[in-house]
Amino acid sequence: MSDSPAVEIDFFRLNEEASSKKLSPRRNIQDVISKINPELLKSAFANNGFVANKLSYASHPHLQTLPVYNQECSRVNTAATATPLTIIYNGVVSVFDVSPNQADNIMKLVDAVNPVSKTSGEPVAVKNENNQTPVIAGGISKDLPLSRKKSLKRFLEKRKERKESISPYASLH
Amino acid sequence: MDDRSFNNQRIHGMSDVVFECVLAYIHDSRDRQSISLVCRRLCELEAQTRKHVTIALCYTTTPKQLLRRFPFIESLKLKGKPRAAMYNLIPEDWGGFATPWVEELSKSFSCLKALHFRRMIVKDEDLELLARDRGHVLQVLKLDKCSGFSTDGLLHICSSCRNLKVLFLEESQVIEKDGGWIHELAMNNTQLEALNFYMTDLSQVSFNDLELIAKRCKSLVSVKIGDCEILDLVGFFRAAVSLEEFSGGCFNKQSEEYASLAYPPRLCRLGLNYMSTNEMPIVYPFASRLKKLDLLYALLDTEDHCVLLQRCPNLEVLEARNVIGDRGLEVLARSCKKMKRLRIERGADEQELEDEEGVVSQRGLTAIAQGCLDLEYIAVYVSDITNAALESMGMNLKNLCDFRMVLLDKEEVITDLPLDNGIRSLLSGCNKLRRFALYLRPGGLTDVGLTYIGQHSQNIRWMLLGYLGESDSGLLGFSRGCPSLQKLEVRGCCFSEKALAMAVLQLRSLRYLWVQGYRGSKTGFDLLTMARPFWNIEIIPPRKVNCGDGREMEHPAHILAYYSLAGPRTDFPPSVIPLASITQ
C-alpha cells in the first residue's frame with residue numbers, strides 16, 4: 001500500500017488559483033484503472049467491503065458492477081471510525097471521510113478564523129445572497145407546464161405567420 | 001484466469017486468427033462488451049475490431065480514454081445536452097462542446113469515417129479542423145440538433161470532403177451567411193447519398209444547386225430540405241432518379257400549378273410541409289407505394305388525414321399532429337396493417353388553429369391496438385384515456401419496443417384515472433419494451449401504479465416519468481424493480497431529494513438521471529445520499545426564462561447525475577453547478 005499523500009485543504013481561498021479547482025489533489029483515476037485486474041478487485045470487494053461508501057442505511061450488493069475503483073486510495077487515509085464531513089463552499093459541495101478527531105480540528109480551525117455567524121461568508125451556508133450560488137431546492141409540480149418540442153413550436157409559429165400574411169384576396173390575382 | 005493469454009497468441013488453445021474471424025460477425029455492443037471481459041487478449045482483440053462506438057453522454061469519458069480503448073473505430077456517435085433540450089428546458093450554454101473531441105479525432109483516429117454529434121455545440125473552427133485533417137476520408141457527418149456553427153463551417157466541409165455520402169444537419173441551429181456551402185457540395189461531390197437540412201432555417205439555398213446535386217450524384221437516395229418552393233424543384237425531381245425519400249419544401253403558389261408535378265419513380269418516404277387539402281391529390285398517384293409519411297408540418301384537417309391514409313396500404317411509419325383525431329386513427333388501423341412506427345404530436349392549443357375533431361383518446365388507441373399488430377413504436381399525446389385502452393394495447397401489441405404517452409392538460413376531467421391497472425397490463429403484455437415514457441397529471445397514477453411499473457419492466461432501459469405517483473413511497477417501490485433501467489428522466493413529480501437519492505442507489509443498472517421539479521431540502525444535503533465515486537451530480541438552479549412576447553417563466557431546478565470515468569466536468573457555464581463528491 002502506498003503512503004498517504006499530503007493533502008492541502010484551502011478553505012479560505014488564501015491561494016486564489018486553487019480555489020477554482022477541487023480541494024484535494026486530483027487522482028488520475030483512468031491511469032489507476034487501466035492497471036488493475038478486474039477479477040482481483042472483485043474479490044477484494046467481496047473480502048473487505050467498499051470503504052468509500054459513506055452511507056449507513058443503504059446496502060450495495062450490486063457494487064461489483066460499478067466501474068473499477070482504486071480501493072487503495074480510499075483505505076489509506078480512512079481509519080475504522082471515518083465518517084463523512086460535508087463542506088459547502090462557494091457553491092461547491094464536497095464530502096470527505098474523516099475521523100472524529102480530524103473533524104474536530106477542522107471545526108476548531110473554522111471557528112478560530114471565522115466565528116459562526118449568519119453572514120454570507122459562512123462556509124456551510126446554502127441559501128446565499130450572492131448571485132453565483134442560488135438556492136438548490138427544486139420546484140413543485142404546479143410550476144411545470146407541459147413544454148413543447150422545439151421543432152413543433154417553430155412550425156406552429158411559422159404557420160401563424162403565414163396565416164397572418166396571406167390575405168384572403170390573394171387568390172383573385 | 002488464464003495467464004497464458006498475456007504472452008502467447010493463443011487463447012484456450014485457439015489462435016487469435018480464429019477469434020478475429022468470429023469477432024467480425026459480432027456487432028451488438030452488449031455482446032462485444034461481454035466478450036471483452038473474458039480475458040485480456042480478447043479485450044484487446046475486441047477493441048481492435050470494434051467499428052462503432054456510441055457515447056451516450058460526452059462527459060462520461062474523455063477523448064484520450066476513447067483512443068486508448070478503441071483506437072480503430074470507423075464510426076462515432078456522441079451525445080451532449082440532456083434530451084430535455086429538445087423541449088427548450090436546458091440553458092443554451094449548458095455544454096456538450098465538440099471541440100476537445102474533434103481535436104483528438106482529427107489527430108489520432110486514423111480509421112474514422114463517420115461522425116455523429118447529437119445536441120452538441122460545434123464551432124466553425126471544429127468543422128474547419130475536421131475538413132482539413134479528415135476531409136479526404138470522411139463519409140458521414142451528422143450534426144444532429146447541434147448549434148454554434150455557421151454556413152462558413154459547412155463551406156469548409158463541403159469543399160474538402162469530396163467523399164461525403166451523408167450530410168445531416170436536421171434541426172441544427174445554423175447561422176446562415178450565404179448559400180455557398182451547397183454550391184461547393186454541388187461542384188465537388190458525386191458520392192452523396194443523403195442530404196438533410198430539414199428544420200434548419202437555411203433559406204439561401206439555390207434550387208439550381210439542388211438540381212446539380214441530383215444530376216451529379218447518381219446514388220442520391222434521401223433529400224430533406226428547408227422551405228424551398230416545390231415548383232422550383234421540378235428540375236430537381238426530374239434529375240433525382242434514385243430518390244426514395246424527400247421531405248421539406250413548401251407550397252406557396254396556386255394549387256392547380258402543382259397538379260402536373262412528376263415525382264421520382266422510387267419515392268416512398270415523404271414529408272411535404274405546408275401541404276393543404278388542395279395540394280393533397282398530388283400524392284395520390286404514388287400513395288400506395290408510400291412506406292413513410294410525415295404530416296407533422298402539413299396543413300391538413302381530420303378528414304384529409306382519413307382520405308389520404310386510406311390510400312396508403314403499405315404505410316409503415318406515420319408522423320402526424322393530433323389533428324389526425326380518433327377518426328384518422330381508426331382509418332389508419334383499418335387501412336394500414338403494416339404499421340411499425342406511429343408518432344402523434346401535440347398540435348396547437350388554440351381551438352381556431354386546429355380541427356375540432358383533432359383530439360386523440362382511448363377510442364383511437366384501441367383501434368390502433370386492434371388493427372396495427374406489428375407496431376413497434378408508439379408515441380402519442382392524448383386528451384383522454386382509459387385503463388381498457390391500455391389493456392388492449394398490452395394484449396395485442398406484442399412487438400412493441402417503445403411506448404410513450406402524454407396526457408394533455410386541457411381537459412379538466414379524464415374518463416378513467418388512475419391508470420394503475422391499465423399500465424400494469426400494458427407492461428406485462430408488451431414484454432419487449434425497451435423504452436417507456438408516461439406523462440400524466442396528479443392523480444394519474446398512484447404509488448401502487450408506480451410500483452407496478454417497477455415490477456413489470458424487465459427489459460426497459462430508458463424511462464420518462466411525468467407527474468406520476470403520490471409520494472416518496474411510490475418512487476421507492478418503483479426503484480426496487482426496473483432491473484435494466486439505465487437512464488431515468490423524472491419531471492413534475494412530488495418526490496423529495498432523499499427519496500430520489502435512495503432510488504438511485506436501488507436502481508442497479510442506473511447510470512444517468514435527470515430530474516426537473518422535486519421537493520428540495522432546505523440545505524440540499526439530502527441529495528448527497530447518492531454521492532459515490534464516479535458519480536457526477538450537477539444542478540441547474542431555478543432560473544427565469546424569456547418565453548417570447550415579453551413574458552418570463554420560472555423554470556424550476558434540475559438535477560443531472562451520471563456515471564463518469566472522466567471525473568467532474570471542467571467546462572461548467574454559470575448556469576450549471578456541480579455537487580462534487582470526493583473521497584480520499
Side-chain angles (χ1 to χ4, degrees), chain A residues 7 22-24 26 29-30 33-34 37-39 52-55 58 60 62 65-67 69 73-74 76-78 84 86 88 91-97 126-127 132-141 143-156 158-160 162-163 171, chain B residues 1 37 62 65 68 86-89 171 199 254 274 296-297 299 345-346 348 353 406 408-409 439 442 467 491-494 497 502 505 508 515-525 528-529 531-534 539 541-542 554 556-557 559 563 565 567 574 577-584:
Chain A
V7 174
K22 282 203 280 240
L23 296 178
S24 69
R26 182 141 143 65
I29 295 176
Q30 74 192 43
I33 289 172
S34 61
N37 183 333
E39 290 307 312
N53 182 346
K54 295 169 283 301
L55 310 157
H60 303 271
H62 55 278
T65 61
L66 284 178
Y69 177 66
C73 294
S74 69
V76 163
N77 288 331
T78 51
T86 306
I88 301 178
V92 178
V93 180
S94 312
V95 180
F96 302 89
D97 272 337
V126 173
K127 266 195 148 82
Q132 277 186 318
T133 54
V135 171
I136 293 170
I140 305 294
S141 328
D143 305 334
L144 280 178
L146 260 179
S147 58
R148 206 185 276 284
K149 211 165 193 173
K150 238 186 223 179
S151 50
L152 268 156
K153 191 168 178 212
R154 188 84 190 94
F155 164 71
L156 293 172
K158 276 179 168 173
R159 188 176 70 166
K160 217 170 185 175
R162 269 171 77 99
K163 258 201 170 127
S171 55
Chain B
M1 178 70 78
L37 291 173
T62 65
Q65 284 176 342
R68 187 180 327 208
M86 300 194 311
Y87 296 85
N88 288 313
L89 296 175
E171 278 196 68
M199 305 309 287
Q254 298 303 316
Y274 304 106
L296 284 176
Y297 313 108
L299 303 177
E345 281 280 1
R346 173 184 169 206
L353 289 174
V406 177
L408 291 171
D409 49 15
Y439 203 109
Y467 288 97
R491 191 165 193 258
C493 297
C494 56
E497 267 179 39
M502 287 183 69
L505 296 175
R508 65 182 112 124
V515 181
Q516 190 188 25
Y518 58 96
R519 276 187 294 123
S521 60
K522 274 215 182 78
T523 54
F525 283 173
L528 291 173
T529 305
R532 52 208 169 149
F534 301 117
I539 306 277
E554 169 93 15
I559 303 168
Y563 274 129
L565 295 175
I577 58 176
L579 248 60
S581 168
I582 312 165
T583 57
Q584 293 175 194

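Computed from heavy atoms alone, side chains included, the values below leave out hydrogens, waters and symmetry copies. The model shown is predicted, which means the values in this text are computed figures rather than measured ones. Numbers restart at 1 for each chain; the letters A, B, ... are given by sequence-line order, proteins then strands.
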Greatest number of non-hydrogen atom pairs under 4.5 angstrom with chain B, of Lys149(A), Arg154(A), Arg148(A), Lys153(A), falls to Arg148(A)

Excluding sequence neighbours, so at least two apart, what forms ring pair (Phe, Tyr, Trp, His ring centres under 6.0 Å) with Tyr439(B)? Tyr467(B)

Taking the side chain as C-beta and beyond, is there a heavy-atom pair between Arg491(B) and Ser147(A) under 4.5 Å? yes

Would you call the rings of Phe155(A) and Tyr297(B) parallel, tilted or perpendicular, where under 30° means parallel and over 60° means perpendicular? perpendicular

Contact origin within Ile559(B) toward chain A - heavy atom pairs under 4.5 Å: neither

Using non-hydrogen atoms only, which part of Val406(B) is less than 4.5 Å away from chain A: side chain, backbone, both, or neither? side chain

Between Met199(B) and Ser151(A) the two heavy atoms that sit nearest each other are CE-O, 3.8 Å

Between Glu171(B) and Lys150(A), is there a salt bridge with N-O shorter than 4.0 Å? no

Test item: Leu152(A) and Arg346(B) side chains (from C-beta on) under 4.5 Å apart, heavy atoms: no

